[in-house]
Amino acid sequence: MKCLVINLDRSRDRLAHVSAEFARIGVAFERVTAVDARDRPDLAEMPQRKKHLRMADGEIACLLSHRQCWSMIAAGDDAYGAIFEDDIVFADKAGPLLAGAGWIPADADIVKLETFFNRTVISRKGVACGHGFSASRLHAVHIGTAGYIVSRQAARDLIEATNEIAIPVDHLVFNPRFATSSRDVIYQLVPALCLQAQFLGGGSVQLPSLLKQERQEEWAASGMGKKRHKPIAAKVGIEIRRLARQITDLFRLRREKIIPFEYRGRRVRPPHTQHRENAL
């Protein structure tokens, strides 16, 4: 199974980081030159679907970078390919799983390898993958595309679905609100195989998101960055719907869970100060 790493030409520090990570787990990778929004003034002119918030140039470039990887996997001979962004850190036992695809569930279109430390919903029953990992069906949004495996057919489907720019790549792949995600059989690896370095905290290597500032500016310009206080009735409604989902999940043999991650012998805890918009 080929491992592809998306990396900007100007991000040599990130290439050094991710090279060291792959060397640490004993796995080879192929670098894919990322589309750089700085060199593509035409991105702002690309047509987008009107019903969605206009994507920032960096988000479009990120989507196009992942699309390059999908094209390589779709045209290749392997049944699956793994895609990574260049700010990931690996769990200590990641190497054996990335060395081959034999552990991947037979019906899997996509396997999410990372955790975003947000609550999501997975099947209670998992498929043993070896080396302390299992794969459970993913039934709810769990954004982030820093590490995932995609089948050759799913890669072809994603290419076809992105002929028109619409939504950021992490929602495109891992948000069931959108058809591109809901039609695929997606598994979540538990515990996660990788994590963005920014979530390690403490004195660990820090690689801040290159899209964070641009995404925040886009939200601010649209008015989405302003905090709005919900009325009491709305809050009560949200809580009732949450409880209803939990009851439904219980009968469907599903569970809410924050996907854990272990790094160098310790369980990583998400920093309280970080929010979902910090990562991609």
Side-chain angles (χ1 to χ4, degrees), residues 1-6 32 34-35 48-49 51-53 55-56 58-76 78-88 98 101 104-105 107-123 135-190 192-196 199 209-211 215 257 259 276-280:
M1 181 171 61
K2 187 175 292 186
C3 293
L4 305 175
V5 173
I6 299 170
V32 177
V35 176
Q48 298 185 35
R49 294 181 189 174
K51 63 180 180 179
H52 300 299
L53 174 67
M55 291 167 58
E59 291 177 316
I60 298 174
C62 185
L63 173 59
L64 296 178
S65 299
H66 281 266
R67 204 168 188 267
Q68 289 181 159
C69 295
W70 300 337
S71 296
M72 294 171 67
I73 294 169
D78 297 333
Y80 292 93
I83 300 172
F84 298 97
E85 294 175 359
D86 57 9
D87 59 346
I88 51 96
L98 294 180
I104 298 174
D107 62 339
D109 294 311
I110 298 171
V111 181
K112 185 174 177 65
L113 302 177
E114 70 169 320
T115 181
F116 211 60
F117 287 136
N118 286 332
R119 286 192 176 277
T120 188
V121 178
I122 61 174
S123 295
S136 296
R137 283 288 303 273
L138 185 64
H139 295 290
V141 60
H142 190 202
I143 59 173
T145 47
Y148 63 103
I149 291 170
V150 62
S151 72
R152 188 167 56 227
Q153 184 56 54
R156 293 168 180 165
D157 293 341
L158 286 167
I159 292 168
E160 183 178 353
T162 51
N163 286 326
E164 185 180 6
I165 300 299
I167 51 178
V169 64
D170 47 349
H171 285 275
L172 181 82
V173 182
F174 294 114
N175 189 340
R177 277 186 55 201
F178 303 102
T180 45
S181 174
S182 61
R183 72 188 179 195
D184 287 328
V185 176
I186 303 177
Y187 281 83
Q188 169 71 56
L189 203 64
V190 183
L193 193 81
C194 61
L195 177 78
Q196 286 184 306
F199 286 115
S209 171
L210 295 177
L211 288 180
R215 181 175 274 180
K257 185 176 180 64
I259 307 303
R276 71 180 60 188
E277 65 265 23
N278 284 4
L280 179 76

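Qualifying side chain to side chain donor-acceptor pair (under 3.5 Å) partners for T120, counting only residues two or more places apart in sequence or in other chains: none. Considering only residues two or more places apart in sequence or on other chains, D109 meets the side-chain contact (heavy atoms from CB on, under 4.5 Å) condition with S151, A154, D184, V185. Every residue meeting the salt bridge (Lys or Arg N to Asp or Glu O under 4.0 Å) condition with K2, not counting sequence neighbours, appears here in chain and number order: E30.
Taking all atoms of both residues into account, the shortest heavy-atom contact from K112 to I143 is NZ-O, 3.3 Å. For the pair R152 and G76, the tightest heavy-atom approach, listed with the atom from each and the gap, is CD-O, 3.3 Å. When every heavy atom of Q196 is checked against every heavy atom of A146, the shortest pair comes out as CG-CB, 3.7 Å.
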Q) side-chain contact (heavy atoms from CB on, under 4.5 Å) between L195 and F117: does it pass, once the steps are laid out? A) CA-CA 9 Å; L195 177 78; F117 287 136; 3.7 Å; yes

Q. Does the side-chain contact (heavy atoms from CB on, under 4.5 Å) test come out yes or no for D157 and R183, once each step is laid out?
A. CA-CA 10 Å; D157 293 341; R183 72 188 179 195; 3.8 Å; yes

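The side-chain contact (heavy atoms from CB on, under 4.5 Å) test with L193 is passed by exactly one of I88, L98, V111: L98.
Rounded to the nearest 0.5 angstrom, M55 CE and I167 CD1 are separated by 8.0 Å.
Within the 3.5 Å criterion, the main-chain N or O of V173 finds no donor-acceptor partner in the side chain of T180.
Atom CD of E160 sits in a sparse spot, with 12 or fewer heavy atoms from other residues, nucleotides or ligands closer than 6.0 Å.
Using the six-membered ring where Trp is involved, H66 and Y148 have ring planes that are parallel, under 30° apart on the 30 and 60° scheme.
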